[in-house]
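What you see below is based on every heavy atom in this structure, not just the backbone, and it leaves out hydrogens, waters and symmetry mates. Read the numbers this way: they start at 1 and go in the same order the structure lists the ligands and their atoms.
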Amino acid sequence: MPNPLYDTLFGQHRASDAVFLHLPGGLSLTYEAFLDIGAQYAGLMADMGLTAGDRVAVQTAKSPETLAVYAACVQAGLVFLPLNTAYTPDEVAYFVENSGARLVLVECSKRNALAAITERYGAKLETLNADGSGSFADNAAPYLKSFETVSRTGSDLAALLYTSGTTGRSKGAMLTQSNLLSNAQVLQKEWRFTSQDVLLHALPIFHTHGLFVATNITLLCGGQMIFLPKFDLDQLITQLPNATTMMGVPTFYTRLLGDARFTKNLTTHIRLFVSGSAPLLAETHIQFEERTGHRILERYGMTETNMNTSNPYAGERRAGTVGFPLPGVDLKITDPKTGKSLPNGDIGQIEVRGPNVFQGYWQMPDKTAEELRADGFFITGDLGTMDEDGYLTIVGRNKDLIISGGYNIYPKEIELVLDEQDGVLESAVIGVPHPDFGESVLGIIVAMPDRQPDLNAIAAEIGSSLARFKQPQRLVILPELPRNTMGKVQKKALREQFADTFTK
Ligand code: MCA
Ligand code: AMP
């Protein structure tokens, strides 16, 4: 049965004994062995009553088995919904409710915390651990290592990826088979990936970067991945000589540069370093070239759009820019007030259109209409300018967003939690420069009259509702928040006032 995403990424490798994943401890997994696991998982989920279009929420450690759940979902026509492993049960509850997930997969250690939640929303709950054990794996073990692929078309949903929102509520970006496939095909070609490539993979697989950009390209070309459970500097230093490519967020590159063991010798076998998800400082780009002779290729993307632009593989990779629109992607810089296109050199909002652009936010037609125009252009919320050579530079954001170590954090979500704390009148959350994470979270609190909020108690209290990486690294108290004449909090003034909080 036709299923474009499965057939093209996975099915073509059905009987291949080529290595797909290199794992810690010298182990490896062939394409065939990987697809066998996927087929067993698909068989189990079908028998559990899941049918095409059902959502499967997955909050499990990075492992070949978690990746096989992705393969299984595509094969069975299910919608893969990966979740950051750092999310608290409170946060996961929202995703389960909002998506109407039929099945939730978690590690054993989280089972009890989620049992009541999945029961409340009528979802099945199974476990899958980092070592591949768990009730889901046990139940799948008797299944055949082949599964009749469920028929799908390019316009059917393949994944639902949640991105936080400026109102504090996360929105599920609906990505079709064609969205994912078209982007993987373009990137494979542009970045010249072949079956000879070995990609050093240290990114999480619950976001576009590690899941779709890195993994889909590798699957498409039949390459290999050195599949590390997470970023680990020692492991990267050890494994770099075995790889031909690496993809990372800027923190990967600044951490490598901060280590004296990271020398040119380690990188002679590498043909391509890619950076994205957050701004790569021109300074990092230059230092990296000085140390290794490699010019990092920076590209720009979003959960809603996959990748939009890229510096060229063969031409000049210009530091501080994110390159040109990818083939098939229309990109324009517009006036945020009128929506009209601006000439080259002017700063405006970045809008994109193309086969990569998502279908809208899950069950949020109003939010979708705000950001996705009727003519197909998506308003990214990023501000940029195009130079006369066609290179795009991102100069800022028109949305209140912090990017810390490549993770997006929406201040509103944290402010809503801070505002509920004892003795807090109001709060403002801002991103300030951080030497390791690029930006980090600072929480500014205004106390209720005659009250002295206990910052330590607040920090402890918010731990139960917000993932660790979203929690302010520091909380400070101000007598009042600066406001403009319209009464709007002036975050720019706060960012300037606290700019050197983590760098001095
Ligand atoms: C971990 N911690 C963080 C972050 N990561 N805090 C702030 N920001 C972060 N990004 C905290 C933990 O909660 C913990 O806190 C402490 O740091 C150490 O945790 P650990 O897991 O050891 O951290 P790490 O391994 O050093 O992680 C840093 C990292 C990681 C390697 C930069 O965050 C990472 O892999 N980031 C990549 C994210 C990514 O893939 N982004 C792509 C999404 P404590 O010690 O206090 O408990 S964007 C995307 O997909 C778009 C489409 C695109 O364009 O690519
Ligand atoms: P996400 O919502 O996780 O998909 O993150 C998308 C956002 O990350 C974009 O809207 C940009 O603000 C940011 N981003 C991604 N790549 C880059 C880059 N190369 N330079 C600057 N910002 C980037």
- Evaluate side chain to side chain contact (heavy atoms under 4.5 Å, CB included) for F469 paired with N84, printing each intermediate quantity in order. CA-CA 10 Å; F469 70 89; N84 192 322; 3.2 Å; yes

- Going through the distances and angles, do I350 and I333 end up as a side chain to side chain contact (heavy atoms under 4.5 Å, CB included)? CA-CA 5 Å; I350 302 170; I333 307 288; 4.0 Å; yes

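The atoms of ligand 2 that sit less than 4.0 Å from any heavy atom of E298 are 18 (C), 19 (N), 20 (N). Near I403, meaning under 4.0 Å from one of its heavy atoms, ligand 2 places the atoms 8 (O), 12 (O), 13 (C). Atoms of ligand 2 found under 4.0 Å from any heavy atom of I394, numbered from 1 in the order shown, are 20 (N), 21 (C), 22 (N). Remark: ligand 2 atoms within the under-4.0 Å shell around heavy atoms of M302 are 4 (O), 6 (C), 9 (C), 10 (O). Under a 4.0 Å criterion applied to the non-hydrogen atoms of R299, ligand 2 contributes the atoms 16 (N), 18 (C), 19 (N). Within the listing of ligand 2, atoms 1 (P), 2 (O), 3 (O), 4 (O) sit less than 4.0 angstrom from a heavy atom of T303.
Ring to ring, Y87 and F95 are close: their centroids are under 6.0 angstrom apart. Ring-centre distance between F10 and Y70: below the 6.0 Å cut-off.
Note: no N/O pair closer than 3.5 Å links S275 and ligand 2 by distance alone. Of the polar atoms of E304, none of the N or O atoms is found under 3.5 Å from an N or O of ligand 2, judged by distance alone. Taking only nitrogen or oxygen atoms, main chain and side chain alike, D382 reaches within less than 3.5 Å of ligand 2. Considering backbone and side-chain atoms together, T163 places no N or O closer than 3.5 Å to any N or O of ligand 2.
Within 4.0 Å of ligand 1, counting heavy atoms only, the contacting residues are L203, P204, H207, T208, H209, K230, F231, V249, T251, F252, R255, S277, R299, G301, M302, T303, M307, S404, G405, G406, Y407, F437, R468, F469.
Using a 30° and 60° split on the angle between ring planes, F358 and F378 fall in the perpendicular class, above 60°. Between F273 and H294, the angle of the ring planes goes over 60°, which puts this pair in the perpendicular group of the 30/60° scheme. Relative orientation of the Y253 and F288 rings is perpendicular, given thresholds of 30° and 60° on the angle between their planes.
Within the 4.0 Å heavy-atom cutoff, G381 does not count among the residues contacting ligand 2. Under a 4.0 angstrom heavy-atom cut-off, K399 registers as being in contact with ligand 2. Under a 4.0 Å heavy-atom criterion, H209 is not in contact with ligand 2.
The single protein non-hydrogen atom nearest to atom 21 (C) of ligand 2 is P279 N, 3.4 Å, given as residue, atom name and distance. Here the heavy atom of the protein found nearest to atom 1 (P) of ligand 2 is N408 ND2, 3.0 Å.
For the pair I403/L401, a side-chain contact is recorded, criterion being any heavy-atom separation below 4.5 Å from C-beta on. P279 has its side chain out of reach of E439: every pair of non-hydrogen atoms, C-beta onward, lies at least 4.5 Å apart.
When G276, G406, G301 are checked for heavy-atom proximity to atom 15 (C) of ligand 2, G301 turns out nearest.
Ion pairing between K412 and D400 fails under the 4.0 Å rule for side-chain N and carboxylate O. A salt bridge links R261 with D259: at least one charged nitrogen is closer than 4.0 Å to a carboxylate oxygen. Using a 4.0 Å cut-off between charged nitrogen and carboxylate oxygen, D387 and R318 count as a salt-bridge pair.
For the side chain to side chain contact (heavy atoms under 4.5 Å, CB included) with E298, the qualifying choice from T284, V322, T309 is V322, the only one to do so.
No side-chain donor-acceptor contact under 3.5 Å links Y391 and N311.
Residue-level proximity to ligand 2 for S277 is carried by the backbone, the only part with a heavy atom below 4.0 angstrom.
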